[in-house]
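Below: one structure, written as C-alpha cells.
Heavy-atom basis, side chains included; hydrogens, waters and symmetry copies ignored. Throughout, residue positions are numbered sequentially from 1 according to the sequence presented.
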Amino acid sequence: MHGKVHMSKIKDKINEKREARREEKAKKQNITQQNIEESRDEILAKGKKFKYPFQYAKHRLIINAIAIGLVAIIMFVLVGWVQLYKSLNTSEVMYRFTRTIPLSVADVDDVKVRFSDYLMLYRSSIRSVERQQGELGDTDEAEKERRQFMRQALTDAEDYSYAMAKLKEIGKEVSEEEIDEVITEHKTIDGELRSDEAFEGIVKDNFGLSIKEYRRLIMLSLARKKVSAELDKDAKELADQIEEMLAENNNDMKKVANEFANNKTIALEEVDSVEYANLDGGRAMVASQLGDVGDVSQRFVSKSGDGYYFVKLVDRTDTTVSYQSIWIRFDWFNNMMQKLRDDGKVHEKITIELLEGDDEVPEDDGPEKVD
C-alpha cells in the first residue's frame, strides 16, 4: 500500500514537471506583434548611442566643407578684384577670370562695359605689336607704351559697348552672316583662301585670340560701324549733296571737293598704283571693280567704319589700281561719346595713369586683315 502511494506521488511530480515544460515552451512560442515592436525598439535604442555621434560628425563635416568652400570663393574673388581693379593685372589668368565672371570695367550712360572686352582689346593690341617688334620688356619706355595701349583699349571698349547698346535700341544687330563675310575676307591672304585650321593659327599668332574671341572683336567693330551709318544724319546729307554734285560736274572730284574746302569732315585723296587688296578701307578693291577709267562708285561705308567713300577709277593694271576718293567722316558717334564724357556719364572703375611724356595711341577701328 505504502509503495503504491509513493509511486503515485512520483507520477504526479513527473506530470507537474511535464506540464511546466509545456507551459514554458508555449510561452516562448507565443510571440506577438507587440513582442516584435518592443524588441525592435530595444535594439534601436541600444544602437542610437552609436548612430547619433556619427550623424553629428557628418553634419559638421558638411557644414565645414561648405564654409571652407565659401571662404575659398570669397578669397578668390577678392584677390581677383584686387588684381584687376587695383593692380591692373592684364595676364592670361585674369583675362580668363573675367570671361568666367562677368565683371564690368566701366559704365557708359548706365551701359555696362565688359572687363573681358577691355582685356581682349588690350591683349590683342600688345600681342600684335610684340609680334612685329619683339617683346616690350621691363623698361620705363615699355611701361609707357603699355599704359598707352591700356588707355586706348579702355576707351575703345567703352565706345564699342555704347555702340552695341545703341544698335539694340534702334532694333538692329550684327548678324552672324556679316561676321562670316569679314572672316572670309580676312582668311583670303595674297589671293589664297586659308583653311579654318590655318586661319585659327594665324589669329592666335597675331592676336593671341581664339576664333570665338576674334568673332567678338569683329562684332564690336561692326556694331560701331553700323550705328554710325544709321545715326549720322549730317554725313548722310553731305553724301547726298556730293552724289548730286558729282553727277552735275562730270565726276570731277577735285572740283566738288573744293566746294567743301572749309568742311573738316570732307577730304579728297589721290592714290597711285596700289594693289587691289591694299588696306585702305576698301577703296582700292572698289576702284578695281569699276567698269571704265573715270567711273565713280556709289557711296559705301569704309571697312574701318570711319565714314563714307566715293571712289573714282583713274588707272588700272592687272594687279594695281590708281584712284581718287572723297571721304565723308562720321562724326556723330565720336561727338556723342565726347559729350557723355564731358557730362560725367562715363564712370571708369580702374584708373590708368599715363606716364610722363605719354600720348594716346591712334584710335583702333577694329581688326584689319592678318598676315
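One finds no salt bridge joining R127 and E130 here, because no Lys/Arg side-chain nitrogen approaches an Asp/Glu carboxylate oxygen to under 4.0 Å. Salt-bridge check for E173 with K226: failed, with every basic side-chain N at 4.0 Å or more from each acidic carboxylate O. Electrostatic pairing of R147 and E143 counts as a salt bridge here, judged by a charged N lying under 4.0 Å from a carboxylate O. A salt bridge does not link R329 with D306: every distance from a Lys NZ or Arg NE/NH1/NH2 to an Asp or Glu carboxylate oxygen is 4.0 Å or more.
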Ignoring hydrogens and angles, write down the donor-acceptor pairs under 3.5 Å from the side chains of residues 277-288, residues two or more places apart or on other chains.
from, atom 1, to, atom 2, distance (Å)
N278, ND2, D280, OD2, 3.2
D280, OD1, G282, N, 3.3
D280, OD1, R283, N, 3.1
D280, OD1, A284, N, 3.3
D280, OD2, A284, N, 3.1
D280, OD2, Y323, OH, 2.7
R283, NE, D280, O, 2.9
R283, NH1, E269, OE1, 2.7
R283, NH1, S325, OG, 2.9
R283, NH2, E269, OE1, 3.4
S288, OG, M285, O, 2.6

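With rounding to the nearest 0.5 angstrom, the CE atom of M120 is 9.0 Å from the OH atom of Y160. Interatomic distance, CG of L84 versus OH of Y118, reported as 9.5 Å (0.5 Å rounding). In this structure, the separation between CZ on R96 and CD1 on I101 is 14.5 Å, given to the nearest 0.5 Å.
Counting only N and O atoms by type, the side chains of S125 and S128 include no donor and acceptor under 3.5 Å apart. When only modelled atom types and interatomic distance are considered, T155 and E158 share no side-chain donor-acceptor pair under 3.5 Å. Using modelled atom types and a 3.5 Å distance limit, the side chains of D331 and T265 yield no donor-acceptor pair. If you check the side chains of K312 and N251, you find no donor sitting under 3.5 Å from an acceptor. Side chains of Q338 and D342: a donor on one and an acceptor on the other come within 3.5 Å.
Cluster annotation: I326 is not connected to L313 through the hydrophobic network of ILVMFWY side chains, with a link wherever side-chain heavy atoms come within less than 4.5 Å. By the criterion of side-chain heavy atoms lying less than 4.5 angstrom apart, applied directly or through intervening Ile, Leu, Val, Met, Phe, Trp or Tyr residues, I266 is grouped together with L246 in one hydrophobic cluster. Criterion: ILVMFWY side-chain heavy atoms under 4.5 Å apart, direct or through other members. Under it, L121 and I179 are part of a common hydrophobic cluster.
Counting only distance, with no hydrogens or angles, the side chain of N258 and the backbone of K254 share a donor-acceptor pair below 3.5 Å. Put simply, the side chain of N249 never gets that close to the backbone of D252: no donor and acceptor are under 3.5 Å apart. When atom types are taken as modelled, the side chain of K225 and the backbone of S304 share no donor-acceptor pair closer than 3.5 angstrom. At least one donor-acceptor pair under 3.5 Å links the side chain of R123 to the backbone N or O of T90. Of the possible donor and acceptor atoms, none in the side chain of E237 sits under 3.5 Å from a partner among the backbone N and O of D234. Although no hydrogens or angles enter the test, the distance criterion places no donor-acceptor pair under 3.5 Å between the side chain of D107 and the main chain of D110. Without hydrogens or angle criteria, D315 side chain to S273 main chain gives no donor-acceptor distance under 3.5 Å. Side-chain atoms of D295 come within 3.5 Å of backbone atoms of D292 as a donor-acceptor pair (strictly under, hydrogens ignored).
Side-chain contact between V311 and V296: absent, with no pair of heavy atoms (C-beta onward) separated by less than 4.5 Å. Looking only at side-chain heavy atoms (C-beta outward), K255 and M245 stay at 4.5 Å or farther from each other. Residues E348 and L154 meet the side-chain proximity criterion, which asks for heavy atoms closer than 4.5 Å.
Other members of the cluster containing V314 do not exist, because no ILVMFWY side chain is joined to it at under 4.5 Å.
Not counting sequence neighbours, the partners of F300 by the ring-ring contact (aromatic ring centres under 6.0 Å, His included) test are Y309. Partners of D343 under the side-chain hydrogen bond (donor to acceptor under 3.5 Å, both in side chains) rule, at least two apart in sequence or in another chain, are K339. Residues forming a ring-ring contact (aromatic ring centres under 6.0 Å, His included) with Y308 (at least two apart in sequence, or on another chain): F330. For E270, the side-chain hydrogen bond (donor to acceptor under 3.5 Å, both in side chains) criterion is met by Q324, not counting sequence neighbours. By the salt bridge (Lys or Arg N to Asp or Glu O under 4.0 Å) test, D117 is found to be paired with R216, residues two or more places apart in sequence or in another chain being considered. Applying the salt bridge (Lys or Arg N to Asp or Glu O under 4.0 Å) test to E135 and every residue at least two apart in sequence or in another chain returns nothing. Not counting sequence neighbours, the partners of Q83 by the side-chain hydrogen bond (donor to acceptor under 3.5 Å, both in side chains) test are N89. For the side-chain contact (heavy atoms from CB on, under 4.5 Å) test, residues two or more places apart in sequence or in another chain that qualify with E230 are I170, K172.
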Where do R215 and D180 land on the salt bridge (charged side-chain N to carboxylate O under 4.0 Å, His left out) test, with the steps shown first?
CA-CA 8 Å; R215 289 180 71 87; D180 289 339; 2.8 Å; yes

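Annotation: salt bridge (Lys or Arg N to Asp or Glu O under 4.0 Å) contacts involving residues 316-325, sequence neighbours excluded, are absent. Sorted by first then second residue, the salt bridge (Lys or Arg N to Asp or Glu O under 4.0 Å) pairs that include residues 196-212, not counting sequence neighbours, are K187-D196.
Looking at every heavy atom in both residues, T184 comes nearest to L193 through O-CD1, 3.9 Å.
In Q289, the CD atom is crowded: over 12 heavy atoms of neighbouring residues, nucleotides or ligands sit closer than 6.0 Å.
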